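Since the structure comes first, as structure tokens, the remarks are kept for the end.
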Number of protein chains: 2
Amino acid sequence: MPRNVNYSELTMTAPERPLRADARRNRESVLDAAGELFAQRGDAVQMEEIAERAGLGVGTLYRHFADKQALLAAIIGRRFEAMTALARAADEASDPWAAFETLLYGYLESAQADAAFRFALLGPEEPSWNDIAAEKTDFSAITERIVRRAIDAGHLREDFRADDFVLITRGAMANMTDARNWRRHVTLLLEGIRGPER
Amino acid sequence: MPRNVNYSELTMTAPERPLRADARRNRESVLDAAGELFAQRGDAVQMEEIAERAGLGVGTLYRHFADKQALLAAIIGRRFEAMTALARAADEASDPWAAFETLLYGYLESAQADAAFRFALLGPEEPSWNDIAAEKTDFSAITERIVRRAIDAGHLREDFRADDFVLITRGAMANMTDARNWRRHVTLLLEGIRGPER
DNA sequence: TCAGAACCGGAATTCAGCTTCAGGTTAGAG
DNA sequence: CTCTAACCTGAAGCTGAATTCCGGTTCTGA
């Protein structure tokens with residue numbers, strides 16, 4: 001007889017008994033509220049605030065998620081899934097460079113809109129986010145393929161590595177204080193900053 | 001009759017009465033201890049830990065610095081001064097590109113060695129760090145001159161701006177998880193990542 | 001050498017947030 | 001309709017870390 005079961009598992013193993021209707025509804029509210037607030041102010045939001053926005057008591061948050069980390073992980077997990085979907089879509093493009101740009105800018109636009117996402121990507125690895133590691137692997141595989149295509153088509157320098165994609169995105173995210181800074185950063189990266197006299 | 005005077009003013013207006021010998025010595029110990037620890041783990045160190053490393057009680061820290069922020073500000077301020085000195089030195093180089101590279105890599109190597117410095121540069125503007133703003137102005141002026149020289153000599157693209165220097169450094173600092181990542185990042189930036197088929 | 005201002009130590013206090021828990025409520029099976 | 005497991009609430013408890021406070025200690029000028 002578990003008292004405070006954690007249904008936040010991202011792996012979709014259905015719980016023995018489905019949630020009661022009100023519980024399912026509330027869980028959704030929590031996820032929505034947390035999603036918005038985390039996206040807006042990252043880690044800094046308080047549990048109480050999330051509960052209020054969801055129209056629930058704090059206790060209810062804890063019925064659905066073991067702790068703040070678990071809630072954050074659930075939110076982050078969603079974003080990662082979306083990102084993998086984005087990568088998959090980008091890979092559809094027949095033009096290799098279009099695929100690369102779609103992936104890069106799509107990724108960064110998502111990051112711009114979501115402080116929690118940036119937080120997860122820029123900060124140190126959270127050991128509690130194991131579920132996310134698997135998602136990352138999927139994403140990386142697709143990225144790898146897109147990068148390779150761009151190289152083979154001569155759009156990226158020969159020695160470009162998928163890891164470099166991470167470098168670029170981290171760099172850009174660090175410049176997201178202002179809406180246009182990160183675009184400038186990416187532009188400089190893509191075009192290079194050396195002059196004619198190099 | 002002030003009780004707990006804040007001598008952390010970075011502006012060197014000497015206090016009415018010079019500090020007692022032991023006090024001056026202790027102040028130095030605090031600065032040293034805090035400098036090392038902040039450099040190592042940034043914001044995350046605790047006052048108690050700093051006190052211990054300095055061989056003093058916490059109360060003593062608070063005799064010299066109003067609060068943790070003030071102590072951090074004092075440390076950061078020192079780094080900024082060093083950075084301005086570095087810029088001045090770089091500007092001495094007769095070769096414009098050498099000057100630019102010296103500045104860029106010197107700046108980044110310092111950042112690599114100091115988490116507190118990165119923290120101050122990457123995080124949002126702290127309102128309590130007013131003293132540092134002045135130092136920043138000096139630094140910016142020199143950077144501006146170095147950038148201009150590099151452009152005029154044809155080593156940097158015409159539309160390069162001093163602000164871009166900030167973009168680059170922020171980007172690189174975000175990639176300082178691993179010692180060589182940021183160098184790769186800078187290299188990509190300088191050389192560009194587009195292939196022959198651009 | 002001595003008084004007392006300046007200084008120091010570190011236990012006690014404060015505080016902000018997360019988390020728990022002892023009841024009250026409600027969905028929904030029978 | 002009834003009963004009860006599942007659910008919800010939010011005040012109270014807990015925790016970790018900053019900050020205070022005051023009795024004791026140490027400089028230093030006379």
Side-chain angles (χ1 to χ4, degrees), chain A residues 1-8 14-34 37-38 41-75 116 119 126 128, chain B residues 1-8 14-34 37-38 41-75 116 119 126 128:
Chain A
M1 44 224 41
R3 293 172 46 74
N4 207 348
V5 183
N6 174 7
Y7 292 129
S8 79
E16 292 311 329
R17 207 164 293 274
L19 288 177
R20 227 169 70 174
D22 57 342
R24 182 166 44 256
R25 202 165 37 236
N26 287 340
R27 188 172 197 285
E28 229 31 59
S29 298
V30 172
L31 248 9
D32 287 350
L37 290 175
F38 280 145
R41 313 210 307 278
D43 197 33
V45 284
Q46 297 164 219
M47 293 302 266
E48 191 126 6
E49 200 176 353
I50 297 172
E52 187 177 24
R53 152 98 61 145
L56 299 167
V58 261
T60 305
L61 304 212
Y62 285 92
R63 168 166 270 296
H64 292 286
F65 301 94
D67 54 25
K68 196 179 182 181
Q69 281 306 310
L71 178 51
L72 225 197
I75 299 294
F119 181 79
E126 276 297 322
S128 60
Chain B
M1 41 217 57
R3 290 173 48 75
N4 206 349
V5 183
N6 174 7
Y7 291 131
S8 79
E16 292 310 330
R17 208 165 292 274
L19 287 177
R20 226 169 68 176
D22 57 343
R24 181 166 45 257
R25 203 164 37 231
N26 288 338
R27 188 172 195 284
E28 228 31 58
S29 299
V30 172
L31 247 11
D32 287 350
L37 289 174
F38 281 145
R41 313 210 308 276
D43 197 33
V45 283
Q46 298 164 218
M47 294 301 266
E48 192 126 5
E49 200 176 352
I50 297 171
E52 188 177 23
R53 152 98 62 145
L56 299 167
V58 263
T60 305
L61 302 212
Y62 286 93
R63 168 165 270 295
H64 292 286
F65 302 92
D67 54 25
K68 195 179 181 180
Q69 281 306 311
L71 178 51
L72 227 197
I75 298 293
F119 181 79
E126 275 298 322
S128 60

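None of these values were measured; they are calculated from a predicted model. Numbered from 1 within each chain, the chains take letters A, B, ... in sequence-line order.
Contact record, A:Ile50 with A:Ala33: O-CB, 3.8 Å, taken as the closest heavy-atom pair. Among all heavy-atom pairs drawn from A:Leu31 and A:Ala74, the shortest one is CD1-CB, 4.2 Å.
Put simply, the side chain of A:Met47 reaches to within 4.5 Å of the side chain of A:Leu71, judged on heavy atoms.
Here C:dG9 presents its P atom at 9 Å from CG of B:Leu61, a figure rounded to the nearest Å. For the pair B:Leu71 CG and D:dT19 P, the interatomic distance rounds to 10 Å; values are reported in whole Å. As a whole-Å value, the separation of A:Ile50 CD1 from C:dG17 P is 13 Å. Rounded to whole Å, the distance from CZ on B:Arg53 to C1' on C:dG9 is 20 Å. At whole-Å resolution of the value, CZ in B:Arg63 and P in C:dC8 are 6 Å apart.
Each end of the helix from C:dT1-D:dA30 to C:dG30-D:dC1 yields a helix axis from five base pairs, and these two axes differ in direction by 0° (to the nearest 10 degrees).
Take B:Glu48 and apply the salt bridge (Lys or Arg N to Asp or Glu O under 4.0 Å) test, not counting sequence neighbours, and it matches no residue. A:Gln69 pairs by the side-chain hydrogen bond (donor to acceptor under 3.5 Å, both in side chains) definition with nothing, not counting sequence neighbours. With sequence neighbours excluded, no residue satisfies salt bridge (Lys or Arg N to Asp or Glu O under 4.0 Å) with A:Arg24. For the side-chain hydrogen bond (donor to acceptor under 3.5 Å, both in side chains) test, residues two or more places apart in sequence or in another chain that qualify with A:Asp22 are A:Arg20. Listed by chain and number, the residues in a side-chain hydrogen bond (donor to acceptor under 3.5 Å, both in side chains) with A:Glu49 are A:Arg41 (sequence neighbours excluded). Not a single salt bridge (Lys or Arg N to Asp or Glu O under 4.0 Å) links B:Asp67 to another residue, sequence neighbours left out. The salt bridge (Lys or Arg N to Asp or Glu O under 4.0 Å) check on B:Arg25 picks up nothing, with sequence neighbours excluded.
Residues A:Gln69 and B:Gly55 both approach DNA chain C. Their nearest nucleotides, taken by heavy-atom distance, put B:Gly55 toward the 5′ side.
Among pairs with a residue in residues 50-60 of chain A, those fulfilling salt bridge (Lys or Arg N to Asp or Glu O under 4.0 Å) read A:Glu36-A:Arg53, at least two apart in sequence or across chains.
The phosphate of D:dC7 (OP1 or OP2) has no side-chain N or O of A:His64 nearer than 4.0 angstrom. At the phosphate of C:dC7, neither OP1 nor OP2 sits under 4.0 Å from any side-chain N or O atom of B:Asn26.
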Requested in this report: Report, as a single string ordered 5' to 3', how protein heavy atoms within less than 4.0 Å touch nucleotides 24-30 of chain D: B base, S sugar-phosphate only, - not at all.
Outcome: --BSS--
**Report entry** side chain to side chain contact (heavy atoms under 4.5 Å, CB included) between B:Leu72 and B:Glu126, worked out
**Finding:** CA-CA 11 Å; B:Leu72 227 197; B:Glu126 275 298 322; over 6 Å; no
Polar atom pairs between nucleotides 13-17 of chain D and protein, under 3.5 Å, N or O only, would you list them?
from   : atom 1 : to      : atom 2 : distance (Å)
D:dA17 : OP2    : B:Gln46 : OE1    : 3.4

Show each protein N/O and nucleotides 10-12 of chain D N/O combination with a separation under 3.5 Å, one pair to a line.
from   : atom 1 : to      : atom 2 : distance (Å)
D:dG10 : N7     : A:Gly59 : N      : 3.4
D:dG10 : O6     : A:Gly59 : N      : 3.4

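Expressed to the nearest 0.5 Å, how far CG of A:Leu56 lies from CG of A:Asn26 amounts to 4.5 Å.
Side-chain N or O atoms of A:Lys68 include one that pairs as donor or acceptor with a backbone N or O of A:Asp43 at under 3.5 Å.
Minimum atom distance to the side chain of A:Tyr62 is reached by C:dT19, of the listed C:dT19, C:dC8, D:dC8.
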